[in-house]
Amino acid sequence: MGDPRLNSLHLEPNRREQYRRVRQEVLQARGLETLYAERKMPDNADPTVMQADHSDSSLHDNLLADFWVSDREFVFPLKVGINTLGRSSENDVPVDDLYVSRRHCIILVHSNGSCEIYDTASKNGTYLNGKRVTQPTALRSGDEIRICTKHYIFHSRHSGQASRNNNTQTRKP
């Protein structure tokens, strides 16, 4: 597997199989347009993490990304395609908590502006607005993502667009 964010060798056999099923589902869910947009991005196009200044209302206006997650300290821009969250420093959103899995969950940003969250066989679960994520779940601007003790808010520059592209709250695999 070429992307180190998606390896599963560190997991015990049962979780490894669960993780690989979710990983395959995410890779297939991207669709051709999202896959094309993902491959078109330059290698050096990694989003820049910003210090969160919640008193500065222009912070979000200065972001180049259309989607991002934020906590009390940082703003993490999301790119089209796969965005990983977890304890490993290789993740797009590294989460500093010993109870968080190395590759805890994935936020998939589609080229059409819709976004989904997937739990990747994490031990302690991923929660969206207080409910455990057990299948791919659509994200809307303002949603709260909880990973162990860490809380993130999902943001969309075009919150109406993300909602229009997601007719349902969840999608069954």
Enter the distance from T120:OG1 to Y19:OH here, rounded to the nearest 0.5 Å.
5.5 Å
Could you list the residues that satisfy side chain to side chain donor-acceptor pair (under 3.5 Å) with R20, not counting sequence neighbours?
S8
Out of curiosity, does Y127 fall in the hydrophobic cluster containing I117 (side-chain heavy atoms, cut-off under 4.5 Å, transitive links)?
no
Only one of V133, L85, V95 forms a side-chain contact (heavy atoms from CB on, under 4.5 Å) with C105, so which one is it?
L85
Between F76 and P94 the two heavy atoms that sit nearest each other are CE2-CD, 4.2 Å
T34 (side chain) donor-acceptor with S111 (main chain) under 3.5 angstrom
yes
Pairwise side-chain contact, D97 with I147, heavy-atom cut-off 4.5 Å (strictly under)
no
Which label fits F154 and F67: parallel for a plane angle under 30°, tilted from 30 to 60°, or perpendicular past 60°?
parallel
With distance as the sole test, does N129 use its side chain to make a donor-acceptor pair with the main-chain N or O of D143 at under 3.5 Å?
no
Where the side chain of R146 meets the backbone of L128, is there a donor-acceptor pair that is under 3.5 Å apart?
no
Separation between CZ of R72 and NZ of K150, rounded to the nearest 0.5 Å:
10.0 Å
Below 4.0 angstrom, N of the basic side chain to O of the carboxylate: do D66 and R157 qualify?
yes
The side chain to side chain donor-acceptor pair (under 3.5 Å) partners of S122 (sequence neighbours excluded) come to H104, D119
What is the distance from atom CD of E17 to atom CD of E12, rounded to the nearest 0.5 Å?
11.5 Å
By side chain to side chain contact (heavy atoms under 4.5 Å, CB included), Q28 pairs with (sequence neighbours left out) Q24
Check side chain to side chain donor-acceptor pair (under 3.5 Å) between E144 and all other residues, then give those that pass, not counting sequence neighbours.
H151
Contact check, side chains of S156 and R140, non-hydrogen atoms, under 4.5 Å:
no
Following the transitive rule for hydrophobic clusters with a side-chain heavy-atom cut-off under 4.5 Å over Ile, Leu, Val, Met, Phe, Trp and Tyr, establish whether L27 and Y118 coincide in one cluster.
yes
May I ask you to decide if Q135's main-chain N or O and T137's side chain share a donor-acceptor pair within less than 3.5 Å?
yes
Do the side chains of I106 and N83 get nearer than 4.5 Å, heavy atoms only?
no
Which atom pair, heavy atoms only, marks the closest approach of N91 to R103?
OD1-CG, 4.1 Å
Tell me if a side-chain donor or acceptor on R87 pairs with a main-chain N or O of V100 at a distance below 3.5 Å.
yes
Joint hydrophobic cluster, I153 plus I107, side-chain heavy atoms closer than 4.5 Å
no
Looking at SG of C115 and NE2 of H110, how far apart are the two atoms once the value is rounded to the nearest 0.5 Å?
7.5 Å
Just verifying a value: how many Å separate T84 OG1 and L6 CG, rounded to the nearest 0.5 Å?
7.0 Å
With sequence neighbours left out, the residues meeting salt bridge (Lys or Arg N to Asp or Glu O under 4.0 Å) with R16 are none
Quick one: side chain to side chain donor-acceptor pair (under 3.5 Å) partners of R30, sequence neighbours excluded?
E38
Does E90 pair with R102 as a salt bridge, N-O distance under 4.0 Å?
no
